[in-house]
Amino acid sequence: MTASDVEAFLDGMVPMQLQREDIAGAVIIVVKDGKILFSKGYGFADIKSRTPVSPSATLFRPGSISKTFTWTAVMQLIEQGKINLDADVNGYLDFQVPHTFGRPVTLRNLMTHTPGFEEVIKDLSVDRPDQLPTLQAFVAAHEPNQIYAPGTVPAYSNYGADLAGYIVQRVSGMPFERYIQKNIFGPLGMRHAAFVQPLPDSLKPIMSNGYNLASEDAKPFELVPPAPAPDGSMSVAGEDMAAFMIAHLQNGKYGDTRILQQQTAETMHARQFGMDPAVNGMALGFYEESRNGLRIIGHGGDLSYFHSDMHLVLDKGLGFFVSYNSSGKGELDVRTALWHEFLDRYFPFSASHAEASEKQAADSVAGKYLSSRRAQTTILKELWPVLAEPSVSQNADGTIQVDSMKDFSGHPKRWRSIGGMKFREVGGQELLVFKSNSSGRLQMITEDPIEIFQRVSGTENKTVLTFALSFITMVFALTLLLWPVGALLRRHYKHPLTLDPIQRRLRLLVKLVCAIDLCALIAFAGILAYGFSNLSLFSDPLDPWLRILQLIFLIGILGSVAMAYSTYRLWRTSSRGLWTTIYSAGLVLASFLFIWFVAVSRILQVGLKY
């Protein structure tokens with residue numbers, strides 16, 4: 001691993017990635033044995049002005065890699081005896097985190113993503129600086145519900161990092177961003193780094209644009225609540241990240257200064273929590289990502305348009321940082337592909353694994369699984385089966401596959417049983433481990449330690465939800481569509497419909513309720529679809545519209561009960577032919593499925609904390 005060889009290797013890969021994926025630019029920093037071995041920018045920071053990426057003077061947004069700075073600040077205060085890693089966080093706060101499961105949340109829980117918080121997305125992004133809440137206001141107003149006992153289930157939490165940052169602010173007695181500047185950026189000489197939003201005037205000219213695709217227009221600077229955001233608002237130049245990586249690779253030492261004592265850094269880097277010894281676990285703020293026989297710790301980061309990774313191979317004194325300023329086409333996971341190729345070149349690894357064929361094991365793990373990182377008690381509950389519900393199926397050769405886990409060519413990976421409910425990637429190194437929790441629910445544990453996957457119940461099953469919603473939409477839409485069609489046909493063939501006044505009112509009620517229910521479902525789907533392409537929609541100004549939508553759903557539920565009754569009455573007074581009976585039964589079923597969906601999806605919950 002020499003500078004010239006690394007440059008030749010990366011020059012052969014990265015420009016090809018940028019071109020293939022329609023990415024504007026990237027920065028890559030490699031440190032080795034306390035020095036920068038390689039530092040280079042690729043592509044453009046601004047396509048319109050053809051400004052090239054500079055590794056020393058172009059700012060990128062590393063997203064959640066910001067958390068590692070927050071966790072480092074926490075460890076500094078622990079080292080000083082101002083914070084206890086295993087004490088109740090309520091001792092450091094001016095509001096209370098409930099003991100929902102009879103046990104407190106600790107800093108260790110926050111740093112291993114095991115506080116038990118559900119996923120929340122409200123105020124994840126805003127459009128204007130004046131909409132950014134302060135750190136104090138944000139953590140007090142956006143506390144998620146706990147859906148797991150602390151210290152039991154990993155579920156990645158942005159809020160947990162913000163809460164830790166607020167504790168740093170309160171315990172240190174200075175604003176979070178000032179603490180980071182004084183105790184991390186300053187000692188490491190990181191002159192091109194900031195958590196503040198918008199950027200200071202001195203840094204704005206060197207900020208890279210963000211792009212969806214390089215062939216499209218640049219996007220505005222993304223504002224990540226709160227201000228600052230300990231979980232992800234940092235902007236930094238590539239070579240400034242080198243100093244941070246070197247400090248951690250040298251257990252807190254950088255040049256003549258220390259940001260952590262050696263024992264503190266070693267504790268921070270050691271494995272702290274894992275669901276199974278066979279797969280990766282969490283250190284304090286860093287996650288394990290061992291590969292090619294090496295123990296690696298690191299962190300990834302994503303904003304809407306910037307995508308980054310940081311990897312630290314402690315035993316080799318090696319650090320690798322990469323950041324892309326565009327989302328790209330998404331056909332290839334460019335970060336992971338680049339890192340794996342880098343490892344394979346400089347740390348080649350070959351291992352033969354004894355493979356056992358256990359058809360019974362493959363049969364028993366098949367099914368659908370839901371990510372532990374999800375909304376469980378909010379109006380977005382039923383969205384998560386759509387977003388994060390992989391399906392495990394068995395192949396003819398006895399292997400299994402997980403539809404969401406694909407190789408770099410886009411094909412599903414195959415996994416073969418090696419005994420003990422463990423499956424190894426065919427031709428690869430990764431493991432899947434299946435084990436039941438204390439209540440008997442089967443869990444799928446992957447090499448990603450920030451979440452697990454739990455076998456779904458009937459109300460969380462994506463197939464069941466898709467069928468129910470499709471059936472509801474089809475029946476209600478056909479009812480409305482056939483109303484004018486039937487009237488036109490009867491007029492054309494001169495077969496007027498003979499109905500008494502009660503029957504006419506019942507038929508009108510059925511059509512009206514179908515229209516209300518369909519409008520409610522379409523509006524809800526539209527809000528979700530638009531919101532996930534424009535995250536700033538999910539904020540307080542949306543609340544009045546959500547209340548109106550809840551009112552429509554409530555009317556829809558009451559109307560669905562009346563519609564089921566009306567359909568039955570109309571069937572009783574009709575000729576009761578086969579098609580009339582089938583249609584009436586379908587309408588009644590659709591009515592009750594609508595009521596069921598609204599109930600299980602928690603759309604009518606009183607609080608709008610999501």
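Everything numeric here is computed off the predicted structure, so don't read it as measured data. Because only heavy atoms are used, hydrogens play no part in the values below, and waters and symmetry mates are left out as well, while side chains stay in.
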ring-ring contact (aromatic ring centres under 6.0 Å, His included) assessment of Tyr324 paired with Phe306:
CA-CA 6 Å; Tyr324 298 87; Phe306 287 84; over 10 Å; no

ring-ring contact (aromatic ring centres under 6.0 Å, His included), that's the test. Do Phe244 and Phe321 meet it? Break it down for me.
CA-CA 11 Å; Phe244 183 72; Phe321 173 77; over 10 Å; no

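- Considering only heavy atoms from C-beta on, Lys609 stays 4.5 Å or farther from His142 through its side chain.
- Distance check, rounded to the nearest 0.5 Å: CZ of Phe532 to CG of Leu535 gives 7.0 Å.
- Among residues at least two apart or in separate chains, side chain to side chain donor-acceptor pair (under 3.5 Å) pairs with a member in residues 221-235 are Arg61-Ser235, Glu222-Ser304.
- Leu551 pairs by the side chain to side chain contact (heavy atoms under 4.5 Å, CB included) definition with Ile555, not counting sequence neighbours.
- Counting only distance, with no hydrogens or angles, the side chain of Asn437 and the backbone of Gly440 share a donor-acceptor pair below 3.5 Å.
- Annotation: salt bridge (charged side-chain N to carboxylate O under 4.0 Å, His left out) contacts of Lys435 (sequence neighbours excluded): Asp276.
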side-chain contact (heavy atoms from CB on, under 4.5 Å) assessment of Leu85 paired with Met111
CA-CA 9 Å; Leu85 194 59; Met111 297 181 77; 3.9 Å; yes

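- The line from CZ of Phe453 to OG of Ser404 is 6.0 Å long, rounded to the nearest 0.5 Å.
- At a threshold of 4.5 Å between non-hydrogen side-chain atoms, the residues Phe221 and Leu199 count as touching.
- Under the 3.5 Å distance criterion, the side-chain polar atoms of Asp403 are matched with a main-chain donor or acceptor of Ser391.
- Looking only at atom types and distance, the side chain of Thr100 has a donor-acceptor partner in the side chain of Gln146 under 3.5 Å away.
- Residues in residues 534-545 take part in these side chain to side chain donor-acceptor pair (under 3.5 Å) pairs, two or more places apart or across chains: Lys122-Asp540, Lys122-Asp543, Asp127-Ser536.
- Within the model, atoms OH of Tyr156 and OG of Ser371 stand 13.0 Å from one another, a figure rounded to the nearest 0.5 Å.
- A salt bridge is defined here as a Lys NZ or Arg NE, NH1 or NH2 lying under 4.0 Å from an Asp or Glu carboxylate O, and Glu430 with Arg424 fails to meet this definition.
- In this structure a side-chain-to-backbone donor-acceptor pair under 3.5 Å is present from Arg455 to Ala366.
- Of all heavy-atom pairs spanning Pro225 and Leu124, the tightest one is CD-O, 3.3 Å.
- Although no hydrogens or angles enter the test, the distance criterion places no donor-acceptor pair under 3.5 Å between the side chain of Asn183 and the main chain of Ile180.
- Contacts of Arg374 classified as side chain to side chain contact (heavy atoms under 4.5 Å, CB included), with partners at least two apart in sequence or in another chain: Tyr148, Leu370, Gln376, Trp384, Arg441, Gln454, Glu460.
- Within the structure, the ring-ring contact (aromatic ring centres under 6.0 Å, His included) test picks out the following pairs touching residues 269-296 (sequence neighbours left out): His248-His269, His248-Phe286, His269-Phe286, Tyr287-His299.
- Between Tyr369 and Leu442, some side-chain heavy-atom pair lies under the 4.5 Å cut-off.
- For the 3.5 Å distance criterion, the side chains of Ser64 and Lys67 qualify, holding a donor opposite an acceptor.
- Counting only N and O atoms by type, the side chains of Gln429 and Asn292 include a donor and acceptor under 3.5 Å apart.
- Aromatic ring orientation, His311 versus Phe320: tilted (interplanar angle from 30° to 60°).
- Side chain to side chain, His307 and Ser327 meet the donor-acceptor criterion of an N or O pair below 3.5 Å.
- Nearest heavy-atom pair, Gly252 versus Ala265, reported as atom, atom and distance to 0.1 Å: N-CB, 4.0 Å.
- With contacts defined as side-chain heavy-atom distances shorter than 4.5 Å, the pair Phe69/Met234 qualifies.
- Val322 is not listed as a side-chain neighbour of Val27, based on a closest heavy-atom distance of 4.5 Å or more.
- Looking only at side-chain heavy atoms (C-beta outward), Met241 and Phe60 stay at 4.5 Å or farther from each other.
- Looking only at atom types and distance, the side chain of Arg178 has no donor-acceptor partner in the side chain of Gln181 under 3.5 Å away.
- Residues satisfying the salt bridge (charged side-chain N to carboxylate O under 4.0 Å, His left out) criterion with Arg373, sequence neighbours excluded, are Glu119.
- Residues meeting the salt bridge (charged side-chain N to carboxylate O under 4.0 Å, His left out) test with Glu266, sequence neighbours left out: none.
- Remark: Lys82 pairs with Gln80 by the side chain to side chain donor-acceptor pair (under 3.5 Å) rule, at least two apart or across chains.
- Proximity of a side-chain donor or acceptor of Asn280 to a complementary backbone N or O of Glu447 within less than 3.5 Å is detected.
- At distances below 3.5 Å, not a single donor-acceptor pair connects side-chain atoms of Arg295 with backbone N or O atoms of Ser290.
- Taking each heavy atom of Pro154 and Ser372 in turn, the nearest pair found is O-OG, 2.6 Å.
- The salt bridge (charged side-chain N to carboxylate O under 4.0 Å, His left out) search around Arg602 returns none, not counting sequence neighbours.
- With sequence neighbours left out, Gln136 forms a side chain to side chain contact (heavy atoms under 4.5 Å, CB included) with Asp94, Thr134, Tyr166.
- Atom NZ of Lys316 is surrounded by 12 or fewer heavy atoms from other residues, nucleotides or ligands within 6.0 Å.
- In this structure, the side chains of Ser323 and Pro62 stay at 4.5 Å or more apart for every pair of heavy atoms.
- Within a 6.0 Å sphere centred on CZ of Arg258, heavy atoms belonging to other residues, nucleotides or ligands number more than 12.
- In this model, a donor atom of one side chain and an acceptor atom of the other lie less than 3.5 Å apart for Arg108 and Gln272.
- Residues Thr377 and Asn145 bring a donor and an acceptor atom of their side chains to less than 3.5 Å of each other.
- Contact between Ala161 and Thr70 at its shortest, heavy atoms only, is O-CG2, 3.8 Å.
- Panel note: side chain Thr68, backbone Ile65; a donor-acceptor pair is recorded below 3.5 Å.
- Atom CG of Asp86 sits in a crowded spot, with more than 12 heavy atoms from other residues, nucleotides or ligands closer than 6.0 Å.
- Between Ile78 and Thr264, every side-chain heavy-atom pair lies at or beyond the 4.5 Å cut-off.
- For Thr267 (side chain) and Gln263 (main-chain N/O), a donor-acceptor pair under 3.5 Å exists by modelled atom type.
- Here the closest heavy-atom approach between residue Ile527 and residue Phe538 is recorded as O-CZ, 4.1 Å.
- What you find for Ser208 and Asn325 is that their closest heavy atoms are OG-ND2, 3.1 Å.
- Without hydrogens or angle criteria, Gln261 side chain to Glu79 main chain gives no donor-acceptor distance under 3.5 Å.
- Remark: side-chain polar atoms of His192 are not paired, donor with acceptor, to backbone N or O of Ala237 under 3.5 angstrom.
- Remark: Val97 engages Val89, Asn90, Leu93, Phe95, Val105, Phe117, Glu143, Leu163 in a side chain to side chain contact (heavy atoms under 4.5 Å, CB included) (not counting sequence neighbours).
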